[in-house]
There are 2 protein chains.
Amino acid sequence: MSVLKKIEAKLEVMAPGDREIGRYIVDNPDQMLRLSTAALAAEIGRSQSSVVKFSQKLGYSSYQELKLAVSEAKSQEWHVPAGMIHGSIEVDDSYLVILRKLIGSKLLSMQQTVAANTEQEIGKALEALNGACRIHLAGVGASSLVARDFSYKLMKLGRNVLHDSDSHVQMANVSTLGRGDVLFALSYSGASIETLRIAELARKRGTTVIAVTGLRDNPLSRVADIRLHTIADEERARSSSITARDAQLTLTDLLFILLVQKQPDANEYVHNSELAVSVLKA
Amino acid sequence: MSVLKKIEAKLEVMAPGDREIGRYIVDNPDQMLRLSTAALAAEIGRSQSSVVKFSQKLGYSSYQELKLAVSEAKSQEWHVPAGMIHGSIEVDDSYLVILRKLIGSKLLSMQQTVAANTEQEIGKALEALNGACRIHLAGVGASSLVARDFSYKLMKLGRNVLHDSDSHVQMANVSTLGRGDVLFALSYSGASIETLRIAELARKRGTTVIAVTGLRDNPLSRVADIRLHTIADEERARSSSITARDAQLTLTDLLFILLVQKQPDANEYVHNSELAVSVLKA
DNA sequence: CAAGCCAAGGAATAAATTATTCCGTCTCTG
DNA sequence: CAGAGACGGAATAATTTATTCCTTGGCTTG
């Protein structure tokens with residue numbers, strides 16, 4: 001988690017003086033990077049030592065360390081490379097402009113999606129997936145395709161995976177799950193009735209529920225044990241969920257890669273599966 | 001241009017002392033960020049003042065400014081996905097490194113894919129899709145998911161689309177196609193037997209064949225009337241086709257957006273389809 | 001309600017880091 | 001071979017950072 005977010009979160013419980021310092025840093029990270037402790041203190045009308053102490057309270061050994069962390073955090077704000085315009089696509093956009101907007105918005109949703117999930121929450125999801133006896137993937141419509149993609153990958157790792165695009169079959173499958181199993185439910189809106197009901201049933205049966213939804217509060221997320229988030233264009237009319245799907249894929253890809261990294265014999269599994277398929281190539 | 005690149009470029013024309021300093025910074029930007037001028041000087045056996053002078057010669061007002069620039073450069077490193085960024089993921093990579101590699105390689109394959117297709121060839125594909133009586137989508141494995149995703153989108157535009165994940169069904173469907181129809185065939189290797197046979201049959205029946213394959217020469221591409229290309233990591237053992245799929249999706253997304261742009265009533269169609277689905281939301 | 005405790009935060013000061021000045025050395029050039 | 005000038009280190013000045021110490025005011029407790 002970035003320092004800026006951390007500071008922002010702690011703002012509430014800080015002493016008034018520290019709060020002022022924290023707020024200034026969160027609001028003006030750029031300026032802060034160029035200010036000395038004394039200058040920063042003067043800027044907000046506090047003493048120089050308070051600034052040093054503030055750094056230390058946050059767990060940094062020096063003010064310079066804090067600066068380094070802020071600089072790092074700022075860069076993680078994943079700004080879209082110059083020239084990549086993000087915005088809706090217009091009727092009279094040229095081919096080149098469309099390319100840029102398309103890639104720009106795809107990149108943006110990927111970046112924001114990885115930034116929206118803490119390493120901790122991802123870690124909890126990994127743990128659940130790793131320890132699961134069976135993994136059921138739920139999702140309808142476009143989310144079903146992502147679920148299937150993820151299921152293919154998990155199968156390549158030798159995991160016990162269930163997914164069917166038919167929500168009745170999904171529901172029937174979930175009714176066989178129990179403690180020790182995991183339900184991985186995808187829905188950008190978090191409001192798809194079928195997926196929601198499936199998650200509720202799983203929850204009732206003691207199955208760990210991982211929900212992958214958009215950021216805003218939604219029923220699916222509320223039901224879940226572990227909440228992961230995807231971020232996409234709100235304006236979906238023209239993009240028709242392109243970025244929502246990209247965000248979901250980014251998240252499942254990330255989980256897959258982390259699983260591979262943790263599983264010593266993963267490469268062997270993947271290699272074997274590719275070898276097996278290769279006999280079907282001309 | 002990043003400071004590190006700038007330093008590296010100037011290395012040649014620098015005085016020996018400055019060259020040593022510059023080399024150290026280029027080689028160890030991370031350490032440099034945590035060293036004082038004196039410590040850095042000691043590290044390479046030079047005087048503290050040389051380090052300050054070095055910063056000034058580069059045009060920075062202070063050593064701190066140089067540090068800031070290095071920190072900035074380091075973070076932007078991944079925007080220029082040269083070398084390690086799209087390298088394979090290693091067992092001891094940190095979470096952050098994995099994020100960067102993942103997004104870096106995704107971005108790279110998207111950019112290269114749009115660059116690999118001329119506007120002209122894309123135009124021909126659009127024309128074929130627009131004029132098609134029926135559109136059949138072929139693909140197996142991961143490509144089948146992309147085909148299905150594309151088919152959902154085309155259906156939202158009211159097009160006449162056929163796709164089934166079972167290749168026997170695909171083949172049977174193709175046997176009903178003729179002149180005026182289009183086969184859209186996806187295969188990164190261009191060598192999947194089923195897809196290839198399907199394309200051959202379509203060709204024989206006078207159906208226009210659009211092939212989406214990797215760049216290298218391949219049987220599927222040779223059969224096609226219109227050749228589109230996707231670019232992905234060659235090293236796929238660990239990524240398990242993540243980038244190949246992303247490249248295919250980028251291409252189909254692009255086609256979809258261009259179709260929407262050209263079809264006056266597209267938004268209405270898309271809107272209606274979303275409205276229809278919304279009754280299934282909680 | 002008073003004594004005592006403690007957190008908050010600033011002033012003063014010590015320590016460190018950074019910037020500048022100055023000077024010797026070496027090289028190139030006329 | 002003298003002079004100009006680049007190079008770079010030592011010394012020192014200036015600035016910045018870290019620590020110590022002290023006051024204040026709120027809160028607890030007897």
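Letters go in sequence order (proteins before strands), and every chain restarts at 1.
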Roughly how many Å is it from CZ in R19(A) to P in dA8(C), rounded to a whole number? 11 Å
Can you measure from CZ (R197(A)) to OG (S192(A)) and round to the nearest 0.5 angstrom? 11.0 Å
Between CG of D18(B) and C1' of dC7(D) the distance, given in whole Å, is 9 Å
Hey, do the aromatic rings of F256(A) and F150(A) have their centres closer than 6.0 Å? no
Could you list the residues that satisfy side chain to side chain contact (heavy atoms under 4.5 Å, CB included) with V26(A), not counting sequence neighbours? I7(A), E8(A)
In whole angstroms, how far is the P atom of dA8(C) from the CD1 atom of I21(A)? 12 Å
A128(A): what forms a side chain to side chain contact (heavy atoms under 4.5 Å, CB included) with it, not counting sequence neighbours? V182(A), T208(A), I210(A), I226(A)
For F54(A), give me all partners under ring-ring contact (aromatic ring centres under 6.0 Å, His included), at least two apart in sequence or on another chain. none
Which residue lies toward the 5' end of DNA chain D, S47(B) or S36(A), if each is placed at its nearest nucleotide? S47(B)
L68(A) CG - dT17(C) P separation (whole Å): 15 Å
Can you measure E20(A) atom CD to dG10(C) atom C1' for me and round it to whole angstrom units? 14 Å
Salt bridge (charged side-chain N to carboxylate O under 4.0 Å, His left out) with R34(B): which residues, sequence neighbours excluded? E65(A)
For nucleotides 19-25 of chain D, 5' to 3', base contacts (B), sugar-phosphate-only contacts (S) and non-contacts (-) with protein non-hydrogen atoms under 4.0 Å give BB-----
Among dG9(C), dT17(D), dA19(C), the nucleotide that comes nearest once only the side chain of S62(B) is considered: dA19(C)
From CG of L35(B) over to P of dT17(D), roughly how many Å is that when rounded to an integer? 17 Å
Check side chain to side chain contact (heavy atoms under 4.5 Å, CB included) between E43(A) and all other residues, then give those that pass, not counting sequence neighbours. Y24(A)
Scan residues 37-45 of chain A against DNA chain D and write down, sorted by residue number, each residue with any heavy atom closer than 4.0 Å; if none is found, say none. T37(A)
Distance in angstrom units between R46(B) CZ and dG8(D) C1', rounded: 8 Å
Qualifying residues under side chain to side chain contact (heavy atoms under 4.5 Å, CB included), relative to A39(A), sequence neighbours excluded: L35(A), S36(A)
Where at least one partner belongs to residues 48-61 of chain B, residue pairs that pass salt bridge (charged side-chain N to carboxylate O under 4.0 Å, His left out), sequence neighbours excluded: D18(B)-K57(B)
Value in whole Å for how far the C1' atom of dA19(C) lies from OH of Y63(B): 14 Å
